[in-house]
Peer 1: 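Below is a structure I'd like to ask you about.
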Amino acid sequence: MTEFAGELSPPFEIVEPQAWRAPIIFNSPHSGSVYPAEFVEASRIDVTSLRRSEDSFMDELIAGLSDRGFPIVRVNFPRSYVDVNREPYELDPRMFTGRLPSFANTRSMRVAGGLGTIPRVVGDGQEIYRERLEVDEALRRIEVLYKPYHRALRRLINKAHQAFGAVILVDCHSMPSVGVSRDEPRRPDVVIGDRYGTSCAPLLPDLVEEIMSSLGYSIGRNKPYAGGFITEHYGNPASGLHTVQIEFNRAVYMDERRRERGPRFAQVAADFATLADALAKIPFGDLGPFQAAAE
């Protein structure tokens with residue numbers, strides 16, 4: 001697949017340490033900021049508006065972890081172009097000319113909200129495209145960007161699982177400091193998502209909360225974000241596969257309006273290293289395949 005050999009080369013990156021310290025993978029699927037020219041041209045809004053969907057700088061916050069013995073994964077294309085934290089074919093028929101494949105999921109809540117695999121809107125609800133897209137264009141993006149990313153992530157997870165018997169995937173995101181609804185309370189500094197206890201062993205989010213609280217962050221659990229497709233799809237605690245999502249409040253580490261790194265940026269990066277070091281001390285034998293307790 002060479003269609004993205006220019007602007008989006010590489011479309012994503014995996015940085016493995018020389019020696020794995022622990023089977024813990026840090027993933028940043030929504031920090032991509034390389035906007036293809038044809039995408040910007042087809043958009044009815046400018047790049048500044050398109051970037052409102054970005055988890056800006058999250059890839060930079062975790063970048064130093066590879067030097068500490070932890071692999072990192074970062075996506076370079078923007079989530080407003082292709083969102084890898086969705087099912088492969090969550091597609092809105094209203095966006096396209098032509099017939100979608102029969103297996104497309106056109107009725108999910110995410111599609112209804114305009115945030116499918118090929119999003120219709122950016123984070124604040126603005127419509128992205130001037131005109132409908134060809135179905136073939138959507139399928140092309142899925143084939144050359146979405147699927148290779150997930151194949152590579154799965155290979156990395158399998159490598160860790162085979163070597164250690166268990167693996168932790170930490171899916172790293174950021175959230176706007178305030179919600180769309182005025183009724184929503186002030187968002188905490190960090191929201192931990194484990195799909196309401198289904199994507200990992202309980203000790204994992206408990207430890208994340210303990211460490212981040214000790215570093216001075218206010219913590220929430222599963223609201224407003226419990227984890228998306230990646231957390232749900234790769235989390236299988238009974239098989240020793242554990243995923244936890246971490247959402248950082250953007251106001252903690254950046255200027256949301258100017259989209260610039262804030263004064264606490266370096267400290268947040270250092271706190272991610274502290275968290276990674278603490279997770280590495282987990283007795284991974286306790287996270288291997290096990291039978292879930294009977295209800």
Peer 1: How would you list, by chain and number, every residue that makes a side-chain contact (heavy atoms from CB on, under 4.5 Å) with Glu16, sequence neighbours excluded?
Peer 2: Ile14, Trp20, Pro71, Leu156, Lys159
Peer 1: Determine, step by step, whether Ile230 and Thr243 satisfy the side chain to side chain contact (heavy atoms under 4.5 Å, CB included) criterion, reporting the C-alpha distance in whole Å, the side-chain angles of both residues, the deciding distance to 0.1 Å, and the verdict.
Peer 2: CA-CA 8 Å; Ile230 290 171; Thr243 63; 5.7 Å; no
Peer 1: List in chain and number order the residues that pass side-chain contact (heavy atoms from CB on, under 4.5 Å) with Leu115, two or more places apart in sequence or in another chain; answer none if no residue qualifies.
Peer 2: Arg86, Val121
Peer 1: Does the side chain of Leu145 reach to within under 4.5 Å of the side chain of Leu8, using non-hydrogen atoms?
Peer 2: yes
Peer 1: Any side-chain to backbone donor/acceptor pair from Arg187 onto Ser177? Under 3.5 Å, distance only.
Peer 2: no
Peer 1: Answer with yes or no whether the side chains of Ser174 and Tyr253 bring together a donor and an acceptor at under 3.5 Å.
Peer 2: yes
Peer 1: Are any of the side-chain heavy atoms of Asp46 and Leu50 separated by less than 4.5 Å?
Peer 2: no
Peer 1: Got a second to check how far Arg250's CZ is from Arg257's CZ, nearest 0.5 Å?
Peer 2: 16.0 Å
Peer 1: How far does SG of Cys172 sit from CZ of Phe272, to the nearest 0.5 angstrom?
Peer 2: 4.5 Å
Peer 1: Taking all non-hydrogen atoms of both residues, which atom of Pro29 and which atom of Val84 are closest, and how far apart?
Peer 2: CB-CG2, 3.6 Å
Peer 1: Taking the side chain as every heavy atom from C-beta outward, state whether Val167 and Phe284 have any atom pair closer than 4.5 Å.
Peer 2: no
Peer 1: Under the side chain to side chain donor-acceptor pair (under 3.5 Å) rule, what pairs show up with a residue in residues 266-284, not counting sequence neighbours?
Peer 2: Arg21-Asp277, Arg68-Asp277, Tyr217-Asp271, Gln267-Asp271
Peer 1: Could you tell me which residues satisfy side-chain contact (heavy atoms from CB on, under 4.5 Å) with Ala166, sequence neighbours excluded, listed by chain and number?
Peer 2: Leu287
Peer 1: Answer yes if Tyr196 and Ile246 sit in the same cluster of Ile, Leu, Val, Met, Phe, Trp and Tyr residues linked by side chain heavy atoms under 4.5 Å apart, and no otherwise.
Peer 2: no
Peer 1: Quick test of your reading of the model: are Arg44 and Glu127 salt-bridged, counting only N-O distances below 4.0 Å?
Peer 2: no
Peer 1: So Val135 and Leu139, side chain to side chain contact (heavy atoms under 4.5 Å, CB included) or not? Walk me through it.
Peer 2: CA-CA 6 Å; Val135 165; Leu139 300 181; 3.9 Å; yes
Peer 1: Which pair of heavy atoms, one from Ala276 and one from Phe70, lies closest together, and at what distance?
Peer 2: O-CZ, 3.5 Å
Peer 1: Please list, chain by chain and in numerical order, all residues satisfying side-chain hydrogen bond (donor to acceptor under 3.5 Å, both in side chains) with Arg51, sequence neighbours excluded.
Peer 2: Glu54
Peer 1: Would you list the pairs meeting side chain to side chain donor-acceptor pair (under 3.5 Å) in which at least one residue belongs to residues 202-213, sequence neighbours left out?
Peer 2: Asp206-Arg221, Glu209-Arg221
Peer 1: Please tell me if the side chains of Pro188 and Val191 come closer than 4.5 Å, counting only heavy atoms from C-beta onward.
Peer 2: yes
Peer 1: Quick one: side-chain hydrogen bond (donor to acceptor under 3.5 Å, both in side chains) partners of Ser28, sequence neighbours excluded?
Peer 2: Ser31
Peer 1: Classify the side-chain pair Glu13/Asn76 by whether it contains a donor and acceptor separated by less than 3.5 Å.
Peer 2: yes
Peer 1: Donor-acceptor pairs under 3.5 angstrom involving side-chain atoms of residues 58-65: please list them, not counting sequence neighbours.
Peer 2:
residue, atom, partner, partner atom, Å
Glu60, OE1, Arg261, NE, 2.9
Glu60, OE1, Arg261, NH2, 3.2
Glu60, OE2, Arg261, NH2, 2.8

Peer 1: Distance check, rounded to the nearest 0.5 Å: Met212 atom CE versus Phe248 atom CZ?
Peer 2: 3.5 Å
Peer 1: Are any of the side-chain heavy atoms of Thr117 and Tyr146 separated by less than 4.5 Å?
Peer 2: yes
Peer 1: Where do Ala278 and Leu207 come nearest, in terms of heavy atoms and distance?
Peer 2: O-CD2, 3.9 Å
Peer 1: Taking the side chain from His161 and the backbone from Ser239, do they hold a donor-acceptor pair closer than 3.5 Å?
Peer 2: yes
Peer 1: Are Ile211 and Leu215 side-chain neighbours, meaning at least one heavy-atom pair lies under 4.5 Å?
Peer 2: yes
Peer 1: So, using ring pair (Phe, Tyr, Trp, His ring centres under 6.0 Å) as the criterion, who are the partners of Tyr225 when residues are at least two apart?
Peer 2: none
Peer 1: What's the separation between atom CD1 in Ile24 and atom CD1 in Ile168, rounded to the nearest 0.5 Å?
Peer 2: 4.5 Å
Peer 1: Using modelled atom types only, decide if a donor and an acceptor are shared between the side chain of Arg141 and the backbone of Tyr81 within a distance under 3.5 Å.
Peer 2: yes
Peer 1: Closest approach of Arg79 and Asp83, non-hydrogen atoms and distance?
Peer 2: NH2-OD2, 3.3 Å
Peer 1: Between His150 and Tyr234, what is the ring plane arrangement, given parallel below 30°, perpendicular above 60°, and tilted in between?
Peer 2: parallel
Peer 1: Can you name the side-chain hydrogen bond (donor to acceptor under 3.5 Å, both in side chains) partners of Arg259, sequence neighbours left out?
Peer 2: Ser56
Peer 1: Taking a hydrophobic cluster as the set of Ile, Leu, Val, Met, Phe, Trp and Tyr residues connected by side-chain heavy atoms closer than 4.5 Å, whether directly or through intermediates, do Ile219 and Met175 fall within one such cluster?
Peer 2: no
Peer 1: Quick check: do Ile192 and Val244 have side-chain heavy atoms less than 4.5 Å from each other?
Peer 2: yes
Peer 1: Is there a donor-acceptor contact under 3.5 Å linking the side chains of His242 and Asn236?
Peer 2: no
Peer 1: Hydrophobic cluster membership, with links at side-chain heavy-atom distances under 4.5 Å among I/L/V/M/F/W/Y: are Met95 and Val82 in one?
Peer 2: yes
Peer 1: Could you tell me if the side chain of Val190 sits less than 4.5 Å from the side chain of Asn249, heavy atoms only?
Peer 2: no
Peer 1: What pairs meet the side chain to side chain donor-acceptor pair (under 3.5 Å) rule with one or both residues in residues 95-115, with sequence neighbours excluded?
Peer 2: Glu87-Asn105, Glu90-Ser108, Glu90-Arg110, Thr97-Glu134
Peer 1: Should Phe103 and Val111 be regarded as members of a common hydrophobic cluster, given that ILVMFWY residues are connected when their side-chain heavy atoms come within less than 4.5 Å of each other, either directly or indirectly?
Peer 2: no
Peer 1: If you apply the rule side chain to side chain contact (heavy atoms under 4.5 Å, CB included), what do you find for Glu260 with Met254, and how did you get there?
Peer 2: CA-CA 6 Å; Glu260 297 173 350; Met254 64 179 279; over 6 Å; no
Peer 1: State, without any angle test, whether Asn27 and Asp171 hold a side-chain donor-acceptor pair at a distance under 3.5 Å.
Peer 2: yes
Peer 1: Step by step, work out the side-chain hydrogen bond (donor to acceptor under 3.5 Å, both in side chains) result for Tyr35 and Ser43.
Peer 2: CA-CA 11 Å; Tyr35 288 79; Ser43 175; over 6 Å; no
Peer 1: Under the side chain to side chain contact (heavy atoms under 4.5 Å, CB included) rule, what do Phe12 and Leu153 come out as? Steps first, then yes or no, please.
Peer 2: CA-CA 10 Å; Phe12 58 89; Leu153 180 59; over 6 Å; no
Peer 1: Applying salt bridge (charged side-chain N to carboxylate O under 4.0 Å, His left out), can you list everything that pairs with Arg94, at least two apart in sequence or on another chain?
Peer 2: Asp92
Peer 1: Decide, yes or no, whether a salt bridge links Arg140 with Glu143 under the criterion of side-chain N to carboxylate O below 4.0 Å.
Peer 2: no
Peer 1: In Å, rounded to the nearest 0.5 Å, how long is the span from CD of Gln245 to CG of Leu169?
Peer 2: 10.0 Å
Peer 1: Measure from the side-chain N and O atoms of Asp194 to the backbone N and O of Ser199, and report whether any donor-acceptor pair falls under 3.5 Å.
Peer 2: no
Peer 1: Whether the side chain of Glu7 engages the backbone of Ala37 through a donor-acceptor N/O pair (distance < 3.5 Å, no angle test) should be reported.
Peer 2: yes
Peer 1: Is the backbone N or O of Val15 less than 3.5 Å from a side-chain atom of Ser66, with the two atoms forming a donor-acceptor pair by type?
Peer 2: no
